[in-house]
Peer 1: 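Structure incoming, see below.
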Amino acid sequence: MKATVAHLPHRSLRYFESGGGREVVLLHAFPLSADQWLPQLHRVPPGFRFIAPDLRGFRGMGAAYEDPGLAAGLSIEDYAQDAIALAAHLELDRFIVCGLSMGGYVAFALQRLAPNRVAGLILSNTRAGADSADGRAGRDRMIALAGQEGPEAIAREMVPRLLGETTRREQPDLADAVRRLVVVNSVDGIVTALGALRDRPDSTPGLGTIACPTLVITGDEDAIIPVSEAETMQRGIPNASLVVLPQVGHLSNLEAPSAWSLALEAGLNAM
Ligand code: MLT
């Protein structure tokens, strides 16, 4: 596995890369970074090449990332455009897109913007719908909290809900590992993403037009996005299958890396 900084026309972007063969672009959840995919990057199935970028403003802040490109009004489509620009930089033609939670929202946007580039979709612990009015108000509260108290407060608020009940009980160290992934992010990166999450469009009307093979993966202890949302996506997308992992929460690829990777591998081999 190697980490690289790609110098795209509009900004620099860090990504991990591992394996060789058909390309799978892995898009991480909020408020983590490409580090979320380390378990999968260490077990890439034969015949596949995993590419995992940081979404704009996550982790990759600092001297090597001179233009983070963060601005109020940045949208989920902008994150998708970054992934498309990375794919162009790497000279990828068609590729599989795998997104978990916020990464799934970005995957929907990418699929809308460049349907011919998407050879398959993996949608994990995500939903097609937009935020409800309550959800949008919650984003505004989180924006205020991030501004006042910083990433530590966001971690304090979110980490317990990101992990399933069984994981919290049986893998107590994972909460701290996730907290460490969250707190290295900048306030600007978090606040910008919260605005994009709050204002993202409803992807439900387009589900029926998704022509590529799709695998939906979730966990039955996901406290952020219920299993019913995964079922809605599977029913709405013409060629989709669903795997529900038992005793697993929202960060399913970290909570149950072996089971999640097995589901992924079976899905990829069918695409
Ligand atoms: C995520 O895991 O990316 C977020 O929890 C998604 C969301 O809050 O809608």
Side-chain angles (χ1 to χ4, degrees), residues 25-37 40 52-59 74-80 82-83 97-110 121-146 151 153-164 167-168 174-175 177-185 189-204 216-219 221-230 232-233 245 248-256 260:
V25 174
L26 301 150
L27 303 169
H28 64 80
F30 171 86
L32 305 178
S33 64
D35 293 42
Q36 176 188 344
W37 298 114
Q40 282 68 44
D54 289 324
L55 296 180
R56 195 191 302 193
F58 288 94
R59 191 155 185 288
L74 193 87
S75 69
I76 288 291
E77 277 68 25
D78 291 316
Y79 296 102
D82 287 348
V97 182
C98 169
L100 191 143
S101 198
M102 177 180 174
Y105 310 153
V106 178
F108 277 124
L110 200 159
L121 270 180
I122 318 282
L123 300 167
S124 187
N125 301 81
T126 194
R127 55 157 55 99
D131 272 10
S132 64
D134 274 2
R136 290 170 57 85
R139 303 289 188 200
D140 289 335
R141 280 195 298 278
M142 294 283 277
I143 288 171
L145 182 67
I154 297 297
R156 195 176 62 230
E157 192 77 13
M158 285 198 71
V159 172
R161 293 196 310 129
L162 287 171
L163 298 174
T167 300
R168 288 203 306 275
L174 193 57
V178 172
R179 193 192 67 80
R180 275 184 268 121
L181 294 187
V182 174
V183 297
V184 295
N185 291 315
I190 289 173
V191 165
T192 304
L194 281 164
L197 291 168
R198 178 195 58 205
D199 298 335
R200 74 183 189 280
D202 183 2
S203 296
T204 316
V216 180
I217 309 177
T218 195
E221 293 183 4
D222 188 331
I224 294 186
I225 301 181
V227 172
S228 58
E229 299 279 358
T232 301
M233 290 188 296
L245 300 173
V248 172
H250 188 64
L251 293 183
S252 57
N253 79 301
L254 288 174
E255 296 180 44
W260 196 93

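Counting starts at 1 for both ligands and their atoms, following the listed order. Given the structure is predicted, the values throughout are model-derived calculations rather than measurements.
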Peer 1: Under a 4.0 angstrom heavy-atom cut-off, which atoms of ligand 1 come close to A29?
Peer 2: 1 (C), 2 (O), 3 (O)
Peer 1: I want to know if ligand 1 touches F30 in the polar sense, i.e. an N/O pair below 3.5 angstrom.
Peer 2: yes
Peer 1: Assess whether a salt bridge exists between R136 and D199, defined as any Lys/Arg side-chain N lying under 4.0 Å from an Asp/Glu carboxylate O.
Peer 2: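 Salt bridge: yes.
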Peer 1: In ligand 1, which numbered atoms sit nearer than 4.0 Å to a non-hydrogen atom of S101?
Peer 2: 1 (C), 2 (O), 3 (O), 4 (C), 5 (O), 6 (C)
Peer 1: For P151, does its backbone N or O pair with a side-chain atom of N185 as donor and acceptor, under 3.5 Å?
Peer 2: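 Not confirmed, N185 side chain does not pair with P151 backbone.
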Peer 1: Partners of D82 by salt bridge (charged side-chain N to carboxylate O under 4.0 Å, His left out), sequence neighbours excluded?
Peer 2: R11, R56
Peer 1: For M102, take its heavy atoms, then give the atoms of ligand 1 lying under 4.0 Å from any of them.
Peer 2: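 Going through ligand 1 atom by atom, the ones under 4.0 Å from M102 are 1 (C), 3 (O).
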Peer 1: Give me the ring orientation class for W260 and W37: parallel if the planes are under 30° apart, tilted from 30 to 60°, perpendicular past 60°.
Peer 2: tilted
Peer 1: Nearest heavy atom to atom 5 (O) of ligand 1: which of R139, Q36, H250 does it belong to?
Peer 2: H250
Peer 1: Would a distance-only check, ignoring hydrogens and angles, find a side-chain to backbone donor-acceptor pair under 3.5 Å from R161 to M158?
Peer 2: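 Side chain of R161 to backbone of M158: no pair is present.
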